[in-house]
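Numbering of ligands and ligand atoms starts at 1, following listing order. When a residue number appears, it is its place in the shown sequence, counting from 1.
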Amino acid sequence: MFELTSAGAGSSPLVPLIDRQGRRLDYLRLAVTDRCNLRCRYCMPAEGVPDAGHDAILRTGEMVRLAGLLCGHGIGRIRITGGEPLVRKGVVGLISELAALPTEPEILLTTNGLLLSENLAALQAAGLRRINLSLDSLDPAKWERITRRRGFDRVLNAIDAVLAAGLGLKINMVVLPGINDDELAAFADLTRQHPVTVRFIEAMGFDGSGRPMRTLSGDAIIAELETRYCLEPIPRAQGAVADEFVIPGHAGRIGVIRGHHRTFCSDCTRLRIDARGYLRTCLYGQPVVDLKAMVRAEANDEQILAAIRGALARRHANGFEAAALRLDSMASIGG
Ligand code: SAM
Ligand code: SF4
């Protein structure tokens, strides 16, 4: 188990990242910006999140260094997120650099799709193979009400382009009671012809307002879908957040993510680096290590790793135990 050589930390042996519950961390969500070209109501206020400023965000080289260090200790997948990752200049170059790390981590992207079509070929060439795309309504007017912006057609065109390019595609829909919960069947229907996974996410209180958010539970989402479809459960993979189902005869899959009810914490394998360069060991928790400050203070790899391992030794057992008094905007954390 300890024979592998670390890629990011010179020749130091691979010692996996394990928290105090014995959970082994193998997945990094990296928020490359907190800026966004949409203003989704469930994610941020109409005026957006306060601009962190250029210097408050990790530079490309700093991200590659931290990712390399983590990949040298068992992180095998990196999701590029934000804010909207495709508004960050140089994000394609960042993806190529991450994909070229010695351990060859799998690089994934979560995007709202607005800038995807024009970047798709470059992203593919950079090594991207799978994309998660957020789409909360199939009705253009409703989509504009939710996102407070225009551009619905660009998102639909991006979906076509991703499918035509043969990339893996998951569509994430945040279920907003009274707003888009009348569209569950229409979204499930997208899986009929296309090999996409449509995932319904319980809305969580991360809109930056500090107020609780109305949520439709995963059970209620499934019950509603079952009035139209027969859902056959697929066994959940270790560390997966979605409960997945197939509908007989459909090419794709359905998923339900109980983010509000936090049913998947017991085998959570995720680390996060947020838009300001802080390590987070739980979506619901506070930032725990200022990695950006450490990197800029010229901390060496051992010091950074020691800080990360220290945070894992204090990691909360679940998102209820971790929950901060006031939750940030999801755009700062990266979802
Ligand atoms: N801008 C990109 C996008 O929307 O796909 C990436 C960042 S976004 C913060 C990542 C994911 O978080 C998206 O799937 C989004 O729908 C989800 N999200 C944001 N706010 C949420 C909330 N309050 N509850 C549940 N999911 C949320
Ligand atoms: Fe932007 Fe994504 Fe948040 Fe919507 S969910 S405002 S697209 S960061």
Side-chain angles (χ1 to χ4, degrees), residues 29-52 78-88 91 108-116 119 123 128 130-137 143-152 154-155 158-159 162 169-177 179-181 187 197-218 221 241-242 255-262 264 270 272-276 280 283-284 319 323-324 326-335:
R29 295 183 68 99
L30 180 61
V32 299
T33 181
D34 54 4
R35 289 185 301 124
C36 190
N37 44 6
L38 296 182
R39 292 286 181 277
C40 302
R41 290 172 187 278
Y42 54 78
C43 179
M44 58 167 81
E47 65 279 13
V49 290
D51 189 354
I78 304 175
R79 178 168 300 283
I80 306 300
T81 175
E84 172 49 40
L86 296 179
V87 303
R88 181 176 165 134
V91 73
L108 308 155
L109 175 74
T110 296
T111 175
N112 62 31
L114 274 188
L115 300 173
L116 187 52
N119 283 297
L123 287 166
L128 198 76
R130 292 198 279 153
I131 290 178
N132 285 7
L133 187 141
S134 304
L135 178 67
D136 304 312
S137 179
W143 183 89
E144 286 184 13
R145 277 203 301 284
I146 295 171
T147 64
R148 305 184 177 109
R149 289 290 185 274
R150 298 243 164 107
F152 177 77
R154 279 153 68 190
V155 181
I159 291 177
V162 171
L169 178 64
K170 291 182 182 168
I171 295 178
N172 289 336
M173 182 224 204
V174 178
V175 181
L176 305 165
I179 299 176
N180 64 4
D181 56 341
F187 269 84
T197 301
V198 171
R199 306 193 307 174
F200 300 101
I201 305 177
E202 291 180 349
M204 304 171 254
F206 287 92
D207 63 357
S209 73
R211 289 191 298 273
M213 193 169 302
R214 284 187 64 209
T215 299
L216 193 68
S217 72
I221 293 169
V241 292
V256 175
I257 301 180
R258 294 169 157 95
H260 176 71
H261 286 93
R262 287 159 257 186
F264 41 71
R270 303 168 162 220
R272 292 177 168 80
I273 297 179
D274 72 17
R276 293 168 193 234
R280 291 177 183 250
L283 171 64
Y284 277 85
R326 190 192 159 108
L327 303 176
D328 289 333
S329 159
M330 199 69 105
S332 313
I333 306 172

Would you mind writing out a table of all protein N or O atoms found under 3.5 Å from any N or O atom of ligand 1, naming both atoms and giving the distance to 0.1 Å?
residue	atom	partner	partner atom	Å
ligand 1	1 (N)	G83	O	3.0
ligand 1	1 (N)	E84	OE1	3.2
ligand 1	4 (O)	S134	OG	3.3
ligand 1	5 (O)	T111	O	3.3
ligand 1	5 (O)	S134	OG	2.5
ligand 1	14 (O)	S134	OG	3.0
ligand 1	16 (O)	Y42	OH	3.3
ligand 1	23 (N)	Y42	O	2.7
ligand 1	23 (N)	M204	O	2.7
ligand 1	24 (N)	M204	N	3.0

(request) Report yes if the side chains of L133 and L169 come closer than 4.5 Å at any heavy-atom pair, otherwise no. (result) yes
(message) Could you check, using the six-membered ring where one of them is a Trp, whether F206 and Y284 have ring centers closer than 6.0 angstrom?
(response) yes
(request) Have a look at T81 and tell me which of R29, R272, M330 forms a side chain to side chain contact (heavy atoms under 4.5 Å, CB included) with it. (result) R29
(message) Do S332 and D274 make a side-chain contact, defined as non-hydrogen atoms from C-beta onward lying under 4.5 Å apart?
(response) no
(request) Kindly write out the residues that satisfy side-chain contact (heavy atoms from CB on, under 4.5 Å) with D328, not counting sequence neighbours, or none if the list is empty. (result) R280, I333
(request) Count, excluding waters, the protein N, O or S atoms that are closer to atom 4 (Fe) of ligand 2 than 2.8 Å. (result) 1
(request) May I ask you to say whether E144 pairs ionically with R150, meaning some side-chain N is under 4.0 Å from a carboxylate O? (result) yes
(message) With heavy-atom distances below 4.5 Å as the criterion, would you say the side chains of V91 and L109 are in contact?
(response) no
(message) What I'd like to find out is whether the side chain of T147 reaches to under 4.5 Å of the side chain of F152, using heavy atoms alone.
(response) no
(request) Mind checking side-chain contact (heavy atoms from CB on, under 4.5 Å) for S217 and listing every partner two or more places apart, or none if nothing turns up? (result) E202, D219, A220, H261
(message) Testing L114, L38, T111, N112 one by one against V155 for a side chain to side chain contact (heavy atoms under 4.5 Å, CB included), which residue passes?
(response) L114
(message) Check contact between G83 and ligand 2, using heavy atoms of the residue and a distance below 4.0 angstrom.
(response) yes
